[in-house]
Amino acid sequence: MSDTGYLPKEKIKDFLKELAKDAVVYAPCLEGDIVLFRPFSEERTLCLDRPANTPPKSVIYPQSETLFAFQYKKAPEDHQKMSVELKADIGVPNMVIFGARPCDAKGFRIYDRVFIETNTPDPYYRKRRENTLIVTLSCAAPSPGCFCVAVGGGPAHKEGSDVMMTELEGGYVIEPVTEKGRAILGKHVIEDGKPYLKDAQHVQAKAHDEVRNPFAPDELPKISQSLFNFDGFWEQVVGKCVSCGACTYLCPTCYCFNITDEQGIGSGERVRSWDACMFFHFTLEASGHNPRPTKFQRFKNRVGHKFIYYPEKYEGVIACCGCGRCIRYCPVNVDISEIVNYLKDTHQELHWASSRKEGTQPTVGSTKDE
Amino acid sequence: MSNIKNPYLPELATVLRVIEETPNIKSYHVVFNDPELMKSFRFEPGQVGQLSVFGVGESTFVINSPPTRMEYLQFSVMKAGEVTAAIHNLYPGDQVGIRAPLGNWFPYEQMKGRNILFIGGGIGLAPLRTLILFMLDNRADYKDITIIYGSRTPPDLCYKDELKEWEERSDVNLILTVDNEYPGWNKRTGFVPTVLKEVAPAPDNTVAITCGPPIMIKFVLEGLAQLKFKDEDIITTLEKRMKCGIGICGRCNIGSKYVCKDGPVFSLAQLKEMPDEV
Amino acid sequence: MNNAEQIKETIARIFPDVETVICYQQGFDGLHATPYFISIPEQVNKLIWNPLCAQNLTSYLPSIKKKVGIVVKGCDSRTIIQYLQEGLIDRAKVVIIGVPCTGVISVKKVLREIGHQPVVDVVFDDNGNIVVKTQKGEKRLAIADVCPDKCTTCQYPTPLVYDHLIGEPIASNKPKEDVYKDIREFDAKTLEEKRAYWEKEFERCIRCYACRNACPMCICQDSCIAETREPHWISQRLSLQEKFMFHMIHAAHLAGRCVECGECERVCPMDIPVAKLKKKINAEMKELFNYETGVNPDDKPPMYTFNVDEAKIKEHKL
Amino acid sequence: MSGVAGKELRIVGFLCNWCSYGGADTAGVARFKQPTDLRIIRVPCSGRVDPLFVVKALLTGADGVLVSGCHPRDCHYTDGNFYARRRLEMLKRLLPFIGIDEKRFHYTWVSASEGQKWQQVVTDFTNQVHKLGPMHAKKESEG
C-alpha cells in the first residue's frame with residue numbers, strides 16, 4: 001500500500017457512502033446560499049469550493065449538550081424527603097468530519113490543550129474527539145479575510161487533521177497525517193496517489209503564497225502590552241462592535257461555555273452550551289458587579305485570550321487559526337487582524353501614546369504628524 | 001476511558017444544618033451521601049466548592065470549615081442571585097451537589113512562624129474563617145494572630161458565636177467594627193480600612209490576609225501599602241462568576257489567570273502583574 | 001463635486017460643534033464598507049460614500065451621550081424619527097447629514113453572483129453598475145439587481161429628517177402598494193408550508209444575537225429577556241423551539257416599532273430572513289391603525305396607545 | 001389523559017382576576033357543564049398578558065390558548081384591556097404567518113357575572129381546538 005492515495009472526483013459520493021457505513025459523516029453541504037456541516041446523505045448537495053460558513057466545531061464540541069440528567073424522587077423511607085439521581089451518558093457514535101479546512105482542523109488542536117491535555121480532562125469533548133476522524137481539504141486559494149499563514153497555519157497545514165486531501169483537476173490527493181487517518185487508504189475507491197503527489201505539493205505551495213499575512217514580516221505577531229492596556233485604543237478600534245456573538249460562535253478556536261440547569265417538573269438536565277465573551281451577561285455576577293461591563297473590555301479580553309493569554313499558557317501558540325470568519329461575517333466587519341496589527345506596531349504605539357498625552361482621542365492611521 | 005473522573009458531575013450531599021448568620025447570610029453544614037467519600041475527602045484552607053441545587057444551578061463558595069474539622073463541610077451563602085436564593089430555601093435533609101475541592105489555597109506553610117493579620121468585611125470573613133480555625137487548631141505554628149472584622153451593622157456580623165470565642169481567647173486579638181453607631185454597640189465604629197489605619201499593625205514578619213467587598217479590599221490594600229506591608233505579604237481571595245470551576249469556560253479569567261483554578265487566592269504581588277479587571 | 005466630497009466638507013464644518021461623527025470607511029476588502037467613528041477632522045480623508053455603505057449607523061445613537069454627527073440615508077432617517085417618537089435620543093445632540101440614496105448593495109447578493117470568490121477590486125461605473133474583479137474574472141452587476149430587498153420598494157430615498165442635505169432630494173418611483181407585496185404572497189401559502197418554511201430557516205439559527213444587537217430598535221440590549229435567567233424565557237438547549245421563541249420575542253418587541261432597515265437580516269451569518277416577521281407585523285399595523293413607523297416624529301407607536309373604539313378591530317366569533 | 005382520553009387537549013387560559021376569573025367561578029358555582037381541557041392561569045389583568053405568553057404556550061405544547069379579560073371600558077385598571085386588545089389582535093394576525101392556525105388562539109371579554117357566557121366560550125373554543133386536533137400531532141406519532 002502506498003503512502004498516498006487518490007480519490008477520483010466522480011467517486012466522491014461512493015467514498016462518503018463507504019465512510020458512512022460505520023460512522024456519521026459530517027460534510028459541508030449547500031443550504032440555500034450558505035454552506036454548513038451536515039450529516040451527509042444522498043439528497044444533500046456537497047459544497048467543497050469554499051469554506052463552510054460555520055466551522056465543524058459543533059461536531060466535536062456541540063453548541064449545547066447535556067452533561068447529566070437529574071431526577072428528584074421521593075425517598076422510599078420518608079416521603080417528605082426527596083432524593084436525587086444523576087445520570088451522565090457519554091455515548092458517542094463514530095464520526096467523520098469530511099472537508100474541514102486546515103484552519104478548522106487546527107482549531108481542534110487549540111481545544112485539545114484545554115479540554116484534554118490537562119489534569120481535569122473533559123470526558124465529553126475527549127470522547128467525541130477520539131471517535132472522530134478529521135478529513136481535511138487543503139485550500140487552493142484564500143477566502144475573503146483569511147490569514148492563516150500569519151498565525152502559524154497555512155492552506156495545507158496538517159495540525160489537527162487525520163487526513164489531508166488536495167484537490168487536483170480530476171480528483172483529490174490523499175495524504176494520511178495520523179495513524180487513524182492511514183486507514184482511509186484501505187477504502188475501496190482510493191487509488192494509488194503517488195503519481196499525483198508532486199502536483200498536490202505544487203498546489204499547496206502556490207496557495208500558501210497567495211494567503212495574505214497582515215503581520216508580515218513578523219513570523220508571529222508580538223503584542224505591545226502598553227498599547228493593549230490602553231483603554232483609549234479599544235474605544236477607538238472597536239467603537240463599531242455591536243457586541244453580538246457571531247465572531248465567537250463562528251470561530252474554530254473559541255470555546256467558552258456556560259453551564260445551566262434546564263428543568264422540567266421534578267427532573268431536568270444540566271446543560272453545557274456555547275457562550276460568548278462578547279455578551280454582557282458572560283461575566284455578570286449575581287451581585288450586579290461586572291468585571292467586564294463594556295464592549296471594549298470584552299473585546300480586549302477576546303483579543304487577549306487569543307493572542308496573549310493562551311500563548312502564555314501554551315508555549316506561544318496563538319489561539320486564532322486565521323480562518324477569517326469573524327471578519328467576513330461580523331455585522332460591521334470588525335477586523336481582528338487589523339487590530340492585532342495595530343497592537344504590534346511600535347510606530348503606532350508611539351503615536352497612540354502621544355495622543356494619550358495630549359488628552360485627545362487617539363486616532364487610527366491618521367496622517368497627523370507626531 | 002470510563003474510569004476518568006467526570007469533572008462536571010457533582011457528588012451528592014445532604015444538608016445537615018442551616019444556621020442563620022445574618023438577615024441575608026446563612027451557613028450550611030453539608031455531608032456527602034457517600035460515607036466513604038466523607039472519610040477520604042481532603043481539601044486545603046481557602047479552596048472552594050461548587051454547590052448545586054439541581055434545577056437551578058451551581059454557584060461557587062469557599063469551604064469555610066477548616067480541614068482540621070471534617071465532620072461536615074460548611075458553606076456560607078449570601079442571598080444575591082438565582083442560585084443563592086434557591087440555596088436559602090434549603091432545609092436540613094435536602095439534597096445538593098458538590099464539586100470540590102477546586103482552586104488553590106492559602107500558603108499557610110509559608111506563614112508558619114509569622115504574625116498573621118486578618119482583615120475581613122461582611123461575608124468576606126467566610127474564606128478567612130477556614131484559615132483562622134485552621135491556625136487556631138495549629139496555634140503553635142503561628143505567632144500573633146490579629147483579626148480586624150467589620151460589617152455594616154452588628155446584626156450583619158457573621159459567625160457571632162465564634163467571634164465571641166475569639167474575643168475571649170488571649171491568643172487572638174480580635175477588633176470588631178461596624179460602619180455607624182448602633183443601639184447597644186459599644187465597640188469601634190468606622191469602615192474597616194479606617195480601623196486598619198487606627199490599629200496600624202506593624203508589617204514586620206507579618207502576613208496580611210484580606211477579603212470583603214471590592215471597594216473595601218481596594219482601600220485595605222492602599223492602607224496596607226501605607227503601613228509598609230510588602231506586596232508578597234498581602235494576600236487576598238477573589239470572587240468571580242464561575243461555571244466550570246476547572247479553568248476552561250472562560251468567564252473568571254483575569255488575563256491568563258483563571259480565578260477558579262489559578263486562584264482564588266492571590267498575593268498583591270501577583271495581582272499587580274494581572275490586568276485591572278477585578 | 002461628488003457626494004463623498006460634499007460629506008467630507010460638511011463634516012469639517014460641523015466639527016467643533018460635535019465630538020464624534022459616524023460615517024463609513026472601507027472595510028477589510030473592496031466589497032465591504034464599515035462604520036467609521038471620526039473624532040478629529042483630519043480623519044475625514046478615509047471616509048467613503050458609495051452604495052456599499054449599507055449599514056444603518058443610527059443604531060449607535062441611543063448609547064452615545066456626546067453630541068454626535070451622523071451620515072444617514074433615507075431609510076436610516078426613519079430610525080431617527082422612531083427614536084424621537086419613543087424619546088430615545090435628544091434631537092439637539094445629533095447633527096444629521098442626510099444623503100439622498102438611489103439604493104445600496106447587498107453584499108450577500110454580490111457574493112452569490114461571484115461565487116463567493118475573494119474580491120480583488122471593486123469599482124462603480126456611471127451607469128449604475130458595480131464591477132467586481134476576482135481571480136476568476138470580472139463581473140458587472142446592475143446595482144438594482146443586487147440591492148437589498150428593502151431598496152426595491154423604497155418609499156423614502158431622501159432622509160425625512162436632516163440638518164444638512166447632500167445633493168438634491170430624490171422622489172421615490174416605487175409604487176406604494178408594492179411595499180408589502182412579498183408579505184401578501186408569503187401569507188397566501190398554506191399553514192403547513194409556512195410552518196415548514198420557518199422551521200427550516202430557524203433551525204440554522206446559532207443564537208449569536210447579531211440580529212438583535214444590530215437592530216436599532218432593540219434597545220434593551222444587555223437586559224434582553226432572551227438571556228436572563230429570571231425570567232427564564234428560553235433555555236440553553238439548542239432546540240428549534242428555543243430558536244423559534246427567540247425570533248418571536250424579537251419580532252413581538254418590535255411590533256409597531258420596526259423601521260424596516262433590514263439590519264437584522266443583513267447581519268445574519270446564517271442567512272435567515274428574520275426581517276420578514278417584522279415586516280408582516282408592520283403590514284398589519286398599517287392595515288389596523290394606518291400607522292407607518294419612522295415617518296412622523298409626532299406619531300405614537302400603536303402598541304403604546306389605544307382607542308376606546310377601535311375602528312378596525314372586530315370582535316372575533318367562535 | 002389516558003388512551004381514549006388522548007382526546008383531551010391542552011388548552012391554556014389566561015384569565016383576568018377581576019372579570020373573567022370571576023366569570024369562570026360563577027360558571028363553576030352554578031355547576032354549568034364545561035369541557036375539562038382548559039387549564040386556567042389567573043393574571044391581574046388581560047393587559048398583563050404578553051402576546052409572547054401565548055406564543056410560548058403554543059410552541060411548548062399547548063394546543064390552544066384562550067385569553068379573557070374584562071369587557072372594554074370595564075377594566076379594573078381603566079385601560080389594561082385596551083392595550084391587550086391591540087397586542088392580542090396583532091398576535092392573532094401574526095400566528096398564521098408562522099404557520100400556526102389562528103383558530104388555536106382566541107381572545108374575548110367575559111365579566112364576573114357572565115357564567116353562562118363563560119360556559120359558552122369555553123365549550124365553543126374547546127370544540128374549535130378539537131376540530132384542529134393536537135398541535136404537535138406529527139411529532140407525537142413519530143415518537
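What's counted below: heavy atoms across the whole structure, side chains too, no hydrogens, waters or symmetry copies. Convention: sequence-line order gives letters A, B, ...; per-chain numbering from 1.
No other option in C:D271, C:L31, C:L238, C:L57 has as many heavy-atom pairs under 4.5 Å with chain A as C:L238. Interface remark: of the candidates A:V334, A:D335, A:I327, A:I327 forms the most heavy-atom pairs closer than 4.5 Å to chain C. Among C:C268, C:S63, C:S59, C:P35, the residue with the largest count of heavy-atom pairs under 4.5 Å with chain A is C:P35. With chain A as the partner, the residue from C:H232, C:K108, C:E201, C:E263 showing the most heavy-atom pairs under 4.5 Å is C:H232.
Other residues, nucleotides and ligands contribute over 12 non-hydrogen atoms within 6.0 Å of the NZ atom of C:K194. Enclosure of atom CD in A:E210 by more than 12 non-hydrogen atoms of other residues, nucleotides or ligands within 6.0 angstrom is indicated.
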Hey, mind stepping through C:H116 and A:D49 against side chain to side chain contact (heavy atoms under 4.5 Å, CB included) and telling me if it holds?
-> CA-CA 9 Å; C:H116 299 265; A:D49 58 9; over 6 Å; no
Test side chain to side chain contact (heavy atoms under 4.5 Å, CB included) on C:M270 and A:L36 and set out the steps.
-> CA-CA 9 Å; C:M270 304 305 279; A:L36 300 171; 3.3 Å; yes
Could you walk me through whether A:Q236 and C:S39 pass the side chain to side chain contact (heavy atoms under 4.5 Å, CB included) test, one step at a time?
-> CA-CA 9 Å; A:Q236 177 81 27; C:S39 48; 3.9 Å; yes
Test side chain to side chain contact (heavy atoms under 4.5 Å, CB included) on C:R204 and A:I34 and set out the steps.
-> CA-CA 10 Å; C:R204 287 201 302 278; A:I34 67 172; 3.7 Å; yes
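The main-chain N or O of C:T34 is never found under 3.5 Å from a side-chain atom of A:N333 such that the two would form a donor-acceptor pair. For the pair C:R237 (side chain) and A:S273 (backbone), a donor-acceptor distance under 3.5 Å is absent. Put simply, the side chain of C:R112 never gets that close to the backbone of A:D33: no donor and acceptor are under 3.5 Å apart. The closest donor-acceptor contact from the side chain of A:E262 to the backbone of C:Q236 lies under 3.5 Å. Under a 3.5 Å cut-off, the side chain of C:Q55 and the backbone N or O of A:V332 do not form any donor-acceptor pair.
C:D222 touches chain A through backbone and side chain together, each having a heavy atom under 4.5 Å away. Contact of C:Q117 with chain A is made through the backbone alone, with heavy-atom distances under 4.5 Å. For A:R272, no part lies near chain C; criterion is any non-hydrogen pair under 4.5 Å. Contacts of A:E65 with chain C are absent, with no heavy-atom separation under 4.5 Å from either backbone or side chain. Only the backbone of A:S143 comes within less than 4.5 Å of a heavy atom of chain C; no side-chain atom from C-beta onward does. Contact of A:S58 with chain C is not made at all, since no heavy-atom distance falls under 4.5 Å. Neither the backbone nor the side chain of C:E230 comes within contact range of chain A; no heavy atoms are under 4.5 Å apart. The contact between C:Y60 and chain A is made entirely by side chain atoms (from C-beta outward), counting heavy-atom distances below 4.5 Å. If you measure heavy-atom distances from A:A276 to chain C, you find no contacts under 4.5 Å at all.
The residues C:E203 and A:R38 are annotated as salt-bridged, a charged nitrogen and a carboxylate oxygen being separated by less than 4.0 angstrom.
Put simply, CD on C:Q221 and NZ on A:K295 are 9.5 Å apart, with the number rounded to the nearest 0.5 Å. With values rounded to the nearest 0.5 angstrom, C:R229 atom CZ is found 8.0 Å from A:N258 atom CG.
In terms of heavy atoms, A:P142 sits closest to C:P118 at O-CG, 2.8 Å. Looking at every heavy atom in both residues, C:D29 comes nearest to A:P144 through OD2-CB, 4.2 Å. Of all the heavy atoms in A:F279 and C:C208, the pair that sits closest is CZ-O, 3.5 Å. Closest non-hydrogen pair, A:L250 versus C:P269, comes out as CD1-CB, 3.7 Å.
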